[in-house]
K.L.:
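Can you read through this structure? Questions will come right after.
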Amino acid sequence: MTKISNSCAQTVVVLDFETSGLSPNQGDRAIEVGAVRIEDGVITDRFQRLMNPGRRIDGFIESYTGITNAMLAKAAPCAEVMDEFADFIGDDDLVAHNASFDQRFLDAELKRVQRRYGGSFACSMLAARRLYPGAFNHKLGTLVEYKALPNDGSFHRALADAEMTAYLWLAMLADIERDHALESVSFEVMQQLTKVPKASVDKFFRRYH
DNA sequence: TGCCAGGCCCTCTTTAGGGCCTT
């Protein structure tokens with residue numbers, strides 16, 4: 001049995017943004033951020049804030065997220081929330097479902113407040129595509145049902161989605177460790193997993209036996 | 001409701017096109 005580990009692999013922050021649209025390059029803004037910190041396989045901390053983007057969101061986003069313009073009118077400005085969030089994530093490594101989406105918004109919002117983060121991203125969706133090819137699809141909600149993960153039935157809110165992504169992440173680690181007789185799997189190996197072809201996943205892990 | 005974007009990934013591919021996933 002081989003241990004795949006490194007000195008900083010056991011703490012990650014799993015995050016999720018609710019936004020006014022799909023692209024910060026098109027003027028879309030974050031309206032809520034949720035995150036949980038996983039340390040040695042256990043959720044040890046949580047962060048959730050609504051944030052006021054300074055403009056109204058459209059009816060589709062209100063309906064999709066349940067976040068209303070009235071709720072955002074009472075929320076702190078994006079700059080204040082993102083400054084707090086930068087403190088929360090620090091230099092920890094980061095996980096998100098379809099991470100390229102959340103990374104674009106994290107980068108855009110932190111750039112506005114001249115803050116940075118030191119960790120790197122891994123994507124639970126890309127990992128799940130390789131580990132669970134039999135799933136009907138790889139939407140977060142589908143994978144939560146597929147793996148019978150804990151949830152309170154609420155979707156498309158930042159903290160709820162971040163928690164479900166965290167449970168998915170832990171389930172994937174546990175499945176890899178069980179299926180490949182590994183003691184632990186590092187963050188870096190999970191990042192590499194998302195870059196190998198689906199057909200090569202077993203071969204990828206056999207390298208460590 | 002589903003378009004906007006962008007990266008990944010598959011295939012009837014690579015001199016390309018389209019589906020998936022995120023809000």
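Scope of the values below: all heavy atoms of this structure, side chains included, with no hydrogens, waters or symmetry mates. In the text below, chain A, chain B and the rest are named by the order of the sequence lines, each starting its count at 1.
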K.L.:
Using a 4.0 Å heavy-atom cut-off, does A:Asp16 contact any base of the nucleic acid, only the sugar-phosphate backbone, or nothing at all?
P.N.:
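The answer is sugar-phosphate, as A:Asp16 gets under 4.0 Å only of primed atoms, P, OP1 or OP2.
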K.L.:
Would you indicate what A:Asp161 reaches in the nucleic acid, counting non-hydrogen atoms under 4.0 angstrom: base, sugar-phosphate, or nothing?
P.N.:
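If one applies the 4.0 Å heavy-atom cut-off, A:Asp161 turns out to touch the sugar-phosphate alone, with no base involved.
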K.L.:
With a non-hydrogen cut-off below 4.0 angstrom, is A:Ser20 in contact with a base, only sugar-phosphate, or nothing?
P.N.:
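Counting heavy atoms under 4.0 Å across all strands, no contact is made by A:Ser20.
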K.L.:
Would you mind reading off the distance between A:Leu15 atom CG and B:dT22 atom P, rounded to a whole angstrom?
P.N.:
14 Å
K.L.:
Heavy-atom distance under 4.5 Å between the side chains of A:Arg37 and A:Arg46, does that happen here?
P.N.:
no
K.L.:
Can you tell me how far C1' in B:dT15 sits from the matching atom in B:dT1, rounded to whole Å?
P.N.:
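It works out to 37 Å between them.
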K.L.:
Main chain of A:Phe17, side chain of A:Asp102: is a donor-acceptor contact present, judged purely on distance under 3.5 Å?
P.N.:
yes
K.L.:
Could you state the CE-P distance from A:Met125 to B:dG19, rounded to the nearest angstrom?
P.N.:
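Taking CE of A:Met125 and P of B:dG19, I get 16 Å after rounding.
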K.L.:
Can you tell me if A:His138 touches the phosphate of B:dC20, counting only side-chain N or O atoms and a distance under 4.0 Å to OP1 or OP2?
P.N.:
no
K.L.:
Can you tell me how far C1' in B:dT13 sits from the matching atom in B:dG17, rounded to whole Å?
P.N.:
9 Å
K.L.:
Which of these nucleotides, B:dT23, B:dC21, B:dG7, is closest to any side-chain atom of A:Ser100?
P.N.:
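Nearest nucleotide to the side chain: B:dG7.
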K.L.:
For residues A:Glu177 and A:Ser184, report the shortest heavy-atom separation together with the two atoms involved.
P.N.:
OE2-CA, 3.4 Å
K.L.:
Mind checking if A:Phe105 touches a base, just sugar-phosphate, or nothing, with heavy atoms under 4.0 Å?
P.N.:
nothing
K.L.:
Can you see if the side chain of A:His156 gets near the phosphate of B:dT23 - specifically, an N or O under 4.0 Å from OP1 or OP2?
P.N.:
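For A:His156, the contact criterion (side-chain N or O under 4.0 Å from OP1 or OP2 of B:dT23) is met.
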K.L.:
Quickly work out the A:Lys139 NZ to B:dG19 P distance and round it to whole Å.
P.N.:
14 Å
K.L.:
Do A:Asp92 and A:Tyr117 have side-chain N/O donor and acceptor atoms under 3.5 Å apart?
P.N.:
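Result is no, nothing qualifies.
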K.L.:
If you check the A:Asp28 side chain, which of B:dA5, B:dC4, B:dC21 turns out closest?
P.N.:
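So the side chain of A:Asp28 is nearest to B:dC4.
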K.L.:
Whole angstroms only, please: what is the CG-P distance between A:Asp102 and B:dG7?
P.N.:
15 Å
K.L.:
Starting at atom CD of A:Glu62, determine the distance to atom P of B:dT23, rounded to an integer number of angstrom.
P.N.:
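The answer, rounded to whole Å, is 17 Å.
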K.L.:
Can you check the A:Tyr132 OH to B:dC20 C1' distance for me, whole Å?
P.N.:
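In whole Å, B:dC20 C1' and A:Tyr132 OH are 19 Å from each other.
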K.L.:
I'd like to know whether A:Phe85 forms a ring-ring contact (aromatic ring centres under 6.0 Å, His included) with A:Phe47, so could you lay out the CA-CA distance, the side-chain angles of the two residues, the decisive distance to 0.1 Å, and finally the verdict.
P.N.:
CA-CA 8 Å; A:Phe85 190 57; A:Phe47 185 100; 5.1 Å; yes
K.L.:
Is there a side-chain polar atom (N or O) of A:Asn25 under 4.0 Å from OP1 or OP2 of B:dG6?
P.N.:
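It does, given that an N or O in the side chain of A:Asn25 lies less than 4.0 Å from OP1 or OP2 of B:dG6.
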K.L.:
Using heavy-atom distances to pick each residue's nearest nucleotide on DNA chain B, tell me which of A:Asp58 and A:Thr19 is more 5'.
P.N.:
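Looking at DNA chain B, the more 5' nearest nucleotide goes with A:Asp58.
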K.L.:
Could you state the CD1-P distance from A:Ile67 to B:dT23, rounded to the nearest angstrom?
P.N.:
10 Å
K.L.:
Where each residue is assigned the nucleotide of DNA chain B containing its nearest heavy atom, which of A:Thr194 and A:Phe101 is assigned the position nearer the 5′ end?
P.N.:
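So the residue in question is A:Thr194.
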K.L.:
In whole angstrom, give the distance that lies between atom CG of A:Leu143 and atom C1' of B:dC21.
P.N.:
11 Å
K.L.:
Indicate, with a heavy-atom threshold strictly under 4.0 Å, whether A:Leu22 touches base, sugar-phosphate, or nothing.
P.N.:
base
K.L.:
A:His97 side chain to A:His138 main-chain N or O, any donor-acceptor pair under 3.5 Å?
P.N.:
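Looks like yes, one N/O pair under 3.5 Å.
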K.L.:
Using the C1' atom as the reference point in each nucleotide, state the distance between B:dC12 and B:dG18 in Å, no decimals.
P.N.:
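These two C1' atoms come out 12 Å apart once rounded.
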K.L.:
So what does A:Ile31 hit on the nucleic acid, given a heavy-atom distance under 4.0 Å: a base, only sugar-phosphate, or nothing?
P.N.:
nothing
